[in-house]
Enquirer: 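First the structure, which I've put down as structure tokens, then a few questions once you've had a look.
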Amino acid sequence: GRFEEAAKLYAELAEEAAGDERAEVGLLAALLGRARIGVDLAAEKGTGDGWKEVEELLARFEEGVGIRPELLAEGGAVYEGLSDRRIASLHAALKEYARRVKGRPELVPRRTAEVQAEVVRLRERYARKAADLYWSAARHTGRHALRIDAAWRAAENYRLFGQVAAEVLALEDFVARADDDPRHTAALYHLGRAYERRGFLENAVLAHRTNTDLFPSTPFSYRSRYELGRIAEEAGDLEEALARYSSIRNDASAEFDPDSRVWRDALFRLAALSERLDDRGFEGGAARAEELYREAVERYPADPRIGFAHYRLALLADRKDRYADAALDYGIAIRWLDDRIKGPSAPPEPAGESPESSRGPAAILRACRYAYADLLYRQALAAPVSERSEGLERALAAYKDAYFRHPGGYEEAWAHYQMSQAYRLLDRADWSEQFLAQAMNLLAKVEGGTGPGAFDPPYWKRILEWARSEGGRAETPENR
């Protein structure tokens, strides 16, 4: 363990006996040993000089290592350790900084952003070094075990900094030789994902299908099933997607896999997909979607998609005129999404559970508030005349809340129009005329392309023409 002394002796031997392989290998091994110890010491001291010394040692090692596969792989491992320990040291320093400036919390976000940027830079830098060393080891070794392990580690590190083409080469090399290796199923999954990022969709499907055929009950096989469902859904093959997602949900072992949330993801996908199938005329799709969304919100109340699920449940109930159920789910969705957006450290939105949810929580919250106000308005119209005033006042308050929080676009114009109709029903003609004029002005701005989300659907043209006409103000069933 006296690596510094050993390195000096090896260097002297290498100089005296030029070309002596043993002395050169000993020197390289000693440099790696010193680098490993240096990583531990630098992590303990937390000084920049310690990390700099480690990097200098590794640079000397890289200059002399040549084509020595075992040492190349060891060098890759040292770079991985350096990355992990240095990043952990940065996080520990950030925690200590937050403790020291406890009385000035406004300083923490800026330092946090600086640390996150440095973490990304270091991870990419060290992953690039480790990947190149591992891949060189894999290509030059004759040992089977070293080749597959080095290829695997190279692919892992290439993935960290987005070198997809190199990741594909390393994974293909691993898969070609790793029949009995327990990482084979993970490699096929990652290979499918990498193929897709490269644009090779047929290869991606083949890799995922191979994974599901060879390893039907592993966590990465479930993920491959999910990817096959997602690819089919994006290609418009909804029945194939339904079959793939259902195969995950019907497999109990997938639900309780502690390393994967694929069962939960499949549940949300199935719910959204059932809605889409209902829109295409598949009988029972809406009922199935409601059942699945309800299961999702009951089983996973902390999932980031719960706000979206309650929003969809409200829409499904609203379509069936179940006003009380719809109002309850709209209310939950609004509170949940509002808290999520205001939260200091909200988790990232999961990707792609449906085309609508990909808009993000802020857009869904906007749609939710306007839809909730519409529901209250319709609910008031359906109530007995003696109870209508109270319901209309609630609807007016909801519309005001919606356009104050989410101004602009067709929704704000629609809210003003609906409020003009509500005030007319409340016999407040002056307010009705005022809001109708505002609705017309807002809508004209959006149609002219000056407002957010400007587009020109015939539906809104008809509303504008009707609102401007005398007949549009008449209290008739057709107009209502």
Side-chain angles (χ1 to χ4, degrees), residues 264 267-280 282 284-343 346 349-350 352-383 390-406 409-412 414-415 417-419 422 453 459:
R264 187 186 310 189
L267 179 60
F268 280 96
R269 280 276 192 176
L270 271 173
L273 185 57
S274 297
E275 254 194 294
R276 292 180 64 191
L277 287 168
D278 185 75
D279 292 339
R280 293 193 179 189
F282 284 77
R288 179 68 170 150
E290 189 169 356
E291 175 189 327
L292 291 166
Y293 279 130
R294 189 64 64 194
E295 180 180 353
V297 300
E298 289 173 358
R299 294 174 77 103
Y300 306 112
D303 191 278
R305 292 161 289 194
I306 290 303
F308 171 75
H310 277 290
Y311 169 56
R312 302 311 303 180
L313 281 167
L315 288 176
L316 289 165
D318 201 350
R319 290 175 193 169
K320 297 177 181 177
D321 295 332
R322 291 174 17 228
Y323 295 135
D325 292 341
L328 179 63
D329 279 305
Y330 277 134
I332 295 172
I334 289 169
R335 287 194 300 275
W336 206 98
L337 291 163
D338 204 33
D339 289 345
R340 175 175 169 74
I341 291 168
K342 291 176 181 175
E349 189 77 6
E353 58 271 8
S354 85
E356 185 151 15
S357 70
S358 63
R359 297 182 302 171
I364 300 169
L365 179 58
R366 175 191 179 96
C368 220
R369 279 204 169 99
Y370 281 106
Y372 178 57
D374 277 341
L375 171 73
L376 294 178
Y377 181 73
R378 293 195 309 276
Q379 196 172 12
L381 295 182
E390 183 181 350
L392 289 172
E393 293 289 354
R394 288 180 62 205
L396 286 166
Y399 279 123
K400 286 178 184 176
D401 183 58
Y403 72 72
F404 273 125
R405 292 174 183 269
H406 310 284
Y410 282 99
E411 295 94 338
E412 185 180 7
W414 173 250
Y417 170 71
Q418 292 286 75
M419 290 176 72
Y459 174 67

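Predicted, not measured: the structure shown is a model, and the values here were computed from it.
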Enquirer: Given Leu337 and Phe308, is the side-chain contact (heavy atoms from CB on, under 4.5 Å) satisfied, shown in steps?
Expert: CA-CA 8 Å; Leu337 291 163; Phe308 171 75; 5.8 Å; no
Enquirer: Run the salt bridge (charged side-chain N to carboxylate O under 4.0 Å, His left out) test on Glu290 and Arg319 for me, step by step, so that the C-alpha distance in whole Å, both residues' side-chain angles and the decisive distance to 0.1 Å come before the verdict.
Expert: CA-CA 12 Å; Glu290 189 169 356; Arg319 290 175 193 169; over 6 Å; no
Enquirer: Would you say that Lys400 contacts Met419 through its side chain, given a criterion of any heavy-atom pair below 4.5 Å between the two side chains?
Expert: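 They are in side-chain contact.
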Enquirer: If I take atom CD from residue Glu275 and atom CG from residue Leu273, how far apart are they, to the nearest 0.5 angstrom?
Expert: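 That separation rounds to 10.0 Å.
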Enquirer: Check step by step if side-chain contact (heavy atoms from CB on, under 4.5 Å) holds for Leu365 and Arg405.
Expert: CA-CA 10 Å; Leu365 179 58; Arg405 292 174 183 269; over 6 Å; no
Enquirer: List the steps and the verdict of salt bridge (charged side-chain N to carboxylate O under 4.0 Å, His left out) for Glu291 and Arg294.
Expert: CA-CA 5 Å; Glu291 175 189 327; Arg294 189 64 64 194; over 6 Å; no
Enquirer: Could you go step by step and tell me if Arg322 and Asp329 meet the side-chain contact (heavy atoms from CB on, under 4.5 Å) rule?
Expert: CA-CA 11 Å; Arg322 291 174 17 228; Asp329 279 305; over 6 Å; no
Enquirer: Nearest 0.5 Å, what's the CD1-CG distance between Ile334 and Asp339?
Expert: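 One finds 12.0 Å between CD1 of Ile334 and CG of Asp339.
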Enquirer: What are the two closest non-hydrogen atoms of Ala395 and Ala373, and how far apart are they?
Expert: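 Closest approach of Ala395 to Ala373, heavy atoms only: CB-O, 4.2 Å.
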Enquirer: For Ala422 versus Leu396, what's the shortest heavy-atom pair and its separation?
Expert: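 Closest pair (atom of Ala422, atom of Leu396, distance): CB-CD2, 3.8 Å.
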Enquirer: Assess Arg305 against Phe268: is NZ or CZ under 6.0 Å from the centre of the six-membered ring, and within 45 degrees of the ring's axis?
Expert: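 Yes; both conditions hold, so Arg305 lies above the ring face of Phe268.
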Enquirer: Considering non-hydrogen atoms only, spot the tightest contact between Ala333 and His310 and give its length.
Expert: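 It is CB-CB, 3.8 Å.
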Enquirer: Contact between Arg312 and Leu292 at the side-chain level, heavy atoms closer than 4.5 Å - yes or no?
Expert: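 Contact flag for Arg312/Leu292 side chains = no.
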Enquirer: Please assess Glu295 against Leu270 for the test side-chain contact (heavy atoms from CB on, under 4.5 Å), listing each intermediate value before the final yes or no.
Expert: CA-CA 11 Å; Glu295 180 180 353; Leu270 271 173; over 6 Å; no
Enquirer: Which heavy-atom pair separates Asp325 from Ala317 by the least distance, and what is that distance?
Expert: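 Heavy-atom minimum between the residues: CB-CB, 4.0 Å.
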Enquirer: Are Asp318 and Arg378 packed together at the side-chain level, in the sense that at least one heavy-atom pair is separated by less than 4.5 angstrom?
Expert: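 In contact.
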Enquirer: Between Tyr370 (side chain) and His406 (backbone), is there a donor-acceptor pair under 3.5 Å?
Expert: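 Present.
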Enquirer: Should we say atom CD of Glu393 is surrounded by more than 12 heavy atoms from elsewhere, each under 6.0 Å from it?
Expert: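 Yes, CD of Glu393 has more than 12 neighbouring heavy atoms, counting only those of other groups under 6.0 Å.
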Enquirer: Tell me whether the rings of Tyr330 and Tyr311 are parallel (<30°), tilted (30 to 60°) or perpendicular (>60°).
Expert: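 Geometry flag for Tyr311 against Tyr330: tilted rings.
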Enquirer: If you take all heavy atoms of Ala362 and Ile341, which pair is closest and at what distance?
Expert: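 The answer is CA-CD1, 3.5 Å.
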Enquirer: Measure across Tyr323 and Ala382 and return the closest heavy-atom pair with its distance rounded to 0.1 Å.
Expert: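 Looking at all heavy atoms of both residues, the shortest contact is CE1-CB, 4.1 Å.
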